[in-house]
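As structure tokens, the structure follows; a few thoughts come after it.
Fair warning: this is a prediction, and the values are worked out from it, not measured in the lab.
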Amino acid sequence: MKAKFKVLIPEPKSKFYRVKCKNCGNEQTVFSHSTFPVRCLSCGSQLIIPTGGKAKIEGDIVRILG
């Protein structure tokens, strides 16, 4: 009798983050693999710096969403 192998379901590596601005304390939801620079809605400082893959996050990560 042959052994059955478990089929693994792939999960995405990207996530949404709740990021807090270091300057004003405003919280904003951003994408981890963003390809466009994200700025804070209240003070205008840059929260996300896009790279080739995972974006560099300048703010403080408050929560990881889904």
Side-chain angles (χ1 to χ4, degrees):
M1 191 185 234
K2 287 186 178 180
K4 289 188 177 183
F5 294 105
K6 208 174 203 183
V7 177
L8 299 176
I9 299 171
E11 293 183 12
K13 294 179 181 177
S14 59
K15 295 180 176 149
F16 285 94
Y17 293 126
R18 190 82 178 156
V19 177
K20 185 175 185 179
C21 180
K22 289 185 178 181
N23 294 336
C24 65
N26 183 37
E27 289 186 8
Q28 197 168 327
T29 304
V30 295
F31 188 58
S32 66
H33 288 70
S34 180
T35 58
F36 193 78
V38 177
R39 297 194 172 270
C40 179
L41 294 174
S42 61
C43 70
S45 64
Q46 195 164 3
L47 295 176
I48 299 286
I49 298 173
T51 58
K54 191 171 181 179
K56 183 179 177 187
I57 300 173
E58 292 293 314
D60 300 324
I61 298 174
V62 177
R63 240 173 82 174
I64 299 172
L65 306 170

So, taking the atom named [atom1] in [X] and the one named [atom2] in [Y], what distance separates them when rounded to the nearest 0.5 Å?
| X | Y | atom1 | atom2 | result |
| --- | --- | --- | --- | --- |
| Lys20 | Leu47 | NZ | CG | 12.5 Å |
| Thr51 | His33 | OG1 | NE2 | 8.0 Å |
| Glu58 | Ile48 | CD | CD1 | 8.5 Å |
| Tyr17 | Asp60 | OH | CG | 13.5 Å |
| Cys21 | Glu27 | SG | CD | 11.0 Å |
| Ile61 | Arg18 | CD1 | CZ | 13.0 Å |

Heavy-atom pair of closest approach, residues [X] and [Y]:
| X | Y | answer |
| --- | --- | --- |
| Cys43 | Asn23 | SG-CB, 4.1 Å |
| Ser34 | Pro50 | O-CB, 3.6 Å |
| Gln28 | Arg39 | NE2-O, 3.4 Å |

- request: Determine, using the 4.5 Å side-chain heavy-atom cutoff (strictly less than), whether Val30 and Leu65 are members of one ILVMFWY cluster.
  value: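 Per the 4.5 Å side-chain linkage, Val30 and Leu65 are not co-clustered.
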